[in-house]
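What follows is a short report on a single structure.
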Amino acid sequence: MNRRYIVIGAGAVGGVVGARLHRAGHRVVLVARGEHGAALRDRGLTVHGPGGPDTARIPVAAGPDEVDLREDDVLLLAVKTQDTGAALAAWAERPVGPDGGRAGSRLPLVCLQNGVENERSALRRFRRVYGAMVVLPAAFLTPGEVRVWCGPRTGVLVLGRYPQGADDTLREIAADLTGADFRAEVVEDVLRWKYGKLVNNLANAVDALCGQRPGAESVELALRARAEAVAVLERSGIAWAAPAELADLRRGVVDEPPAGAGAGHGSTWQSLKRGGSTEVDYLNGEIVLLGRGCGVPTPVNELFQELVNRWARERREPGALAPAELAELVGRAAPERPAAAG
């Protein structure tokens with residue numbers, strides 16, 4: 001089947017995935033609004049990668065009202081988690097084909113997103129929901145342009161049906177992604193991989209607040225947040241992919257050194273740079289939520305969540321806080337490093 005991929009949120013991850021699928025010969029529609037959507041219509045999407053810039057003219061829609069959905073469409077959800085609810089509400093009730101069927105019951109939805117909340121939210125409205133653990137260092141800072149630093153493959157996508165399992169539809173989507181220059185793995189336990197990525201993503205807050213400054217202080221701050229996460233996950237009985245597993249997955253796939261605007265910075269830093277909201281409530285905030293539920297204190301993640309939200313609300317420049325200042329705040333909030341739960 002020659003599927004058509006509807007990329008809902010053509011930013012860093014969505015833009016790169018959509019562009020690679022288009023280049024591989026698949027039908028693609030990019031969904032984007034505002035200046036970015038206008039730039040995509042006027043100039044096309046330019047992907048700056050290790051091989052140089054590549055510009056493609058890909059159909060663009062501002063929202064579901066501009067897309068006539070078909071039975072062979074696949075929805076790729078790539079918006080930030082704070083925008084997931086609105087996107088699901090807008091797309092789930094859209095008609096598919098002439099008989100009045102709805103997208104929520106007819107079409108597969110793949111969540112190309114960080115955190116573990118998106119799939120759960122999607123399952124309220126969509127019958128077939130798939131999760132993806134995404135390893136794709138990329139940036140979106142300029143309308144109409146995205147940057148990716150992965151090589152020799154564009155990135156890694158670990159895919160599974162939510163909450164567990166796999167099926168033929170997913171295997172066919174993975175085959176399309178493999179042909180589009182990704183390493184796409186199908187697993188039965190996608191949530192385990194997504195929790196592993198979540199633990200890694202807790203360091204995004206340190207990057208957003210302090211930037212990529214050399215020294216051991218920033219590393220130690222990230223380790224404090226991750227130690228809380230490990231204690232919470234162990235107490236909650238939640239399985240997660242170990243750091244060594246994640247490292248093995250990306251070895252030889254995404255090993256190009258980053259360069260250029262936004263290089264080395266995570267999605268939270270990029271969101272602050274664009275002056276928008278961030279996903280911190282669903283990254284560090286997810287650990288805070290789980291900790292409150294299982295009785296494990298998470299003062300470091302709570303502090304990071306509070307500070308990043310303040311930075312976004314006050315439109316502060318990312319990276320403006322010195323690591324020593326953040327370390328002092330952490331020391332006040334959490335004088336002792338937590339031990340992992342037994």
Side-chain angles (χ1 to χ4, degrees), residues 13 81 111-120 130-138 149-150 153-166 170 174 177 182-207 216 218-256 258 264 266-268 279-280 282-291 293-298 300-301 304-305 334 337-342:
V13 170
T81 306
C111 297
L112 299 175
Q113 299 162 288
N114 285 329
V116 294
E117 179 60 29
N118 299 288
E119 292 83 0
R120 182 174 182 271
Y130 303 90
M133 192 279 287
V134 180
V135 181
L136 206 174
W149 301 288
C150 306
R153 305 297 294 274
T154 296
V156 180
L157 302 171
V158 178
L159 306 158
R161 187 153 184 172
Y162 180 83
Q164 59 187 8
L170 186 64
L177 290 166
F182 293 93
R183 177 178 176 180
E185 303 280 348
V186 175
V187 298
E188 300 275 341
D189 57 347
V190 70
L191 272 179
R192 188 175 73 87
W193 291 93
K194 288 185 71 74
Y195 274 108
K197 176 77 181 299
L198 172 63
V199 173
N200 271 3
N201 282 148
L202 300 178
N204 285 12
V206 179
D207 171 41
S218 293
V219 174
E220 175 62 22
L221 290 167
L223 289 175
R224 291 285 299 270
R226 289 169 175 164
E228 288 183 354
V230 168
V232 164
L233 294 176
E234 289 186 349
R235 176 72 62 84
S236 302
I238 296 173
W240 74 98
E245 293 179 272
L246 298 178
D248 286 343
L249 191 70
R250 63 182 290 160
R251 188 169 290 119
V253 180
V254 288
D255 56 3
E256 290 286 339
S267 57
T268 306
E279 289 183 296
V280 71
Y282 304 96
L283 299 178
N284 304 85
E286 181 70 28
I287 301 304
V288 172
L289 173 65
L290 290 172
C294 71
V296 173
T298 58
V300 175
N301 282 285
F304 288 178
Q305 180 185 11
R337 182 170 179 150

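With sequence neighbours excluded, the residues that form a side chain to side chain contact (heavy atoms under 4.5 Å, CB included) with V199 are R226, A229, L233, W240. Under the side chain to side chain contact (heavy atoms under 4.5 Å, CB included) criterion, R183 pairs with V156, E185, L249, V253, not counting sequence neighbours. Scored by the side-chain hydrogen bond (donor to acceptor under 3.5 Å, both in side chains) test, N201 finds no partners at all (sequence neighbours excluded). Residues satisfying the salt bridge (Lys or Arg N to Asp or Glu O under 4.0 Å) criterion with E286, sequence neighbours excluded, are absent altogether. Residues satisfying the side chain to side chain contact (heavy atoms under 4.5 Å, CB included) test with A184, not counting sequence neighbours, are L159, A174, L177, T178.
If you take OH on Y282 and CG on N118, they are separated by 8.5 Å, rounding to the nearest 0.5 Å. Taken to the nearest 0.5 Å, the CD1 atom of I238 stands 4.0 Å off from the OH atom of Y195. From L136, atom CG reaches atom CG of L157 across 6.5 Å, with rounding to the nearest 0.5 Å. Distance check: D207 CG to L202 CG gives 13.0 Å after rounding to the nearest 0.5 Å.
Between G115 and L198, the closest heavy-atom pair is CA-CD1, 4.5 Å. Of all heavy-atom pairs between V190 and A132, the closest is CG2-N, 4.2 Å. L191 and P163 make their closest contact through CD1-O, 4.0 Å (heavy atoms, listed as atom of the first residue, atom of the second, distance). In this structure, T298 and G291 approach most closely via the heavy-atom pair CG2-CA, 4.2 Å.
When atom types are taken as modelled, the side chain of N301 and the backbone of I287 share no donor-acceptor pair closer than 3.5 angstrom. Between the side chain of E279 and the backbone N or O of T81, at least one donor-acceptor pair lies under 3.5 Å. Using a distance-only test at 3.5 Å, with no hydrogens or angles considered, a donor-acceptor pair links the side chain of E228 to the main chain of V300. No donor-acceptor pair closer than 3.5 Å links the side chain of K197 to the backbone N or O of N114.
Between C111 and K194 there is no side-chain heavy-atom pair separated by less than 4.5 Å. L246 is listed as a side-chain neighbour of M133, based on a closest heavy-atom distance under 4.5 Å.
Legend: salt bridge (Lys or Arg N to Asp or Glu O under 4.0 Å) pairs involving residues 236-248, not counting sequence neighbours, sorted by first then second residue: R192-E245, D248-R251.
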